[in-house]
Amino acid sequence: MLICQISDTHIKAQRRLAYGRVDTASALERCVAALQVLDPQPDVIVATGDLVDFGKPDEYALLAELLAPLRPPLYLIPGNHDERAALRAAFPAHDYLRQWAPFVQYAIEDWPLRIVALDTVIPMQSGGELCAQRLDWLDRTLSEAPDKPTVVIMHHPPFVTGIGFMDGVGFADPAPLAGVIRRHPQVERLMCGHLHRSIVQRFAGSVASTCPSPAHQVALELRPGGGDGYRLEPPGYQLHWWSGSALVTHTAVIGDFPGPYPFREGGALID
Ligand SMILES: [Fe+2]
């Protein structure tokens with residue numbers, strides 16, 4: 001099974017530039033074009049939050065339009081820039097978004113890897129959390145299929161990254177979540193967004209990771225207050241390949257690069 005992860009698309013209405021500078025609509029178009037020619041095609045695509053920039057209906061309308069060409073089933077979760085009601089309204093065919101109101105939490109059972117989605121949003125705040133209600137849902141949901149390998153998708157990563165500013169708007173109190181994850185060793189991975197970079201940490205006997213953005217990346221500044229800005233570094237997405245026994249993650253960059261060129265000629269390495 002192949003899962004493609006995209007994150008932090010930050011679409012604005014009328015293709016306005018994010019922060020007056022970043023053409024997030026064109027960036028998502030380039031990302032979608034790159035995904036459409038992947039061979040093999042992903043079985044599913046997950047989009048891990050900050051789908052739009054200000055949670056507005058007209059932003060979601062453009063997002064839906066930009067995502068429409070994608071062929072694999074698409075699973076969306078909200079981030080701190082999203083708004084649950086507007087997200088649900090813009091994707092009426094995405095029934096899973098309504099599995100458990102008011103939160104956008106759901107489980108997808110159709111694939112070799114079970115997908116369990118969490119909603120870390122605190123409305124009108126940049127940081128994230130999982131309240132007792134959401135954690136209880138997670139514990140119950142994971143208990144329903146203890147033998148099925150599972151990935152958890154959530155916007156805010158439940159770990160400190162060292163990028164000080166982003167940690168200040170990070171996930172509050174990871175300990176209770178860690179307690180739940182430790183009880184469910186079938187969780188292969190917690191796939192997150194929010195950081196606009198690829199970052200990995202061991203978490204509660206599993207692995208937590210974040211994904212680059214197809215648009216702008218948070219500045220890599222490993223110091224207090226660092227990361228309160230972005231760079232137009234090469235954009236990207238991730239491919240998570242499930243071999244049947246292990247989940248292997250590849251970070252891909254989006255762009256036109258020369259190649260591939262051969263290593264060998266006539267069966268011998270080119271000297
Ligand atoms: Fe973001």
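For ligands, and for the atoms within them, numbers begin at 1 and follow the listed sequence.
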Indicate yes or no: does [X] engage [Y] in a salt bridge with an N to O separation below 4.0 Å.
X	Y	result
Arg84	Asp119	yes
Arg15	Glu29	yes
Arg114	Glu109	yes

Study note, to complete from the structure: Atom name of the N, O or S atom of Asp50 nearest to the Fe ion (ligand 1) is OD2
Review point. Of all N/O/S atoms in Asp8, which lies nearest to the Fe ion (ligand 1)?
Key: OD2
Exercise for review: May I ask you to check whether His10 brings an N, O or S atom to under 2.8 Å from the Fe ion (ligand 1)?
Suggested key: yes
Review point. So, His81 and the Fe ion (ligand 1): N/O/S under 2.8 Å, yes or no?
Key: no
Check your understanding: Can you tell me how far the CD1 atom of Ile108 sits from the CG atom of Leu113, to the nearest 0.5 Å?
Key -> 13.0 Å
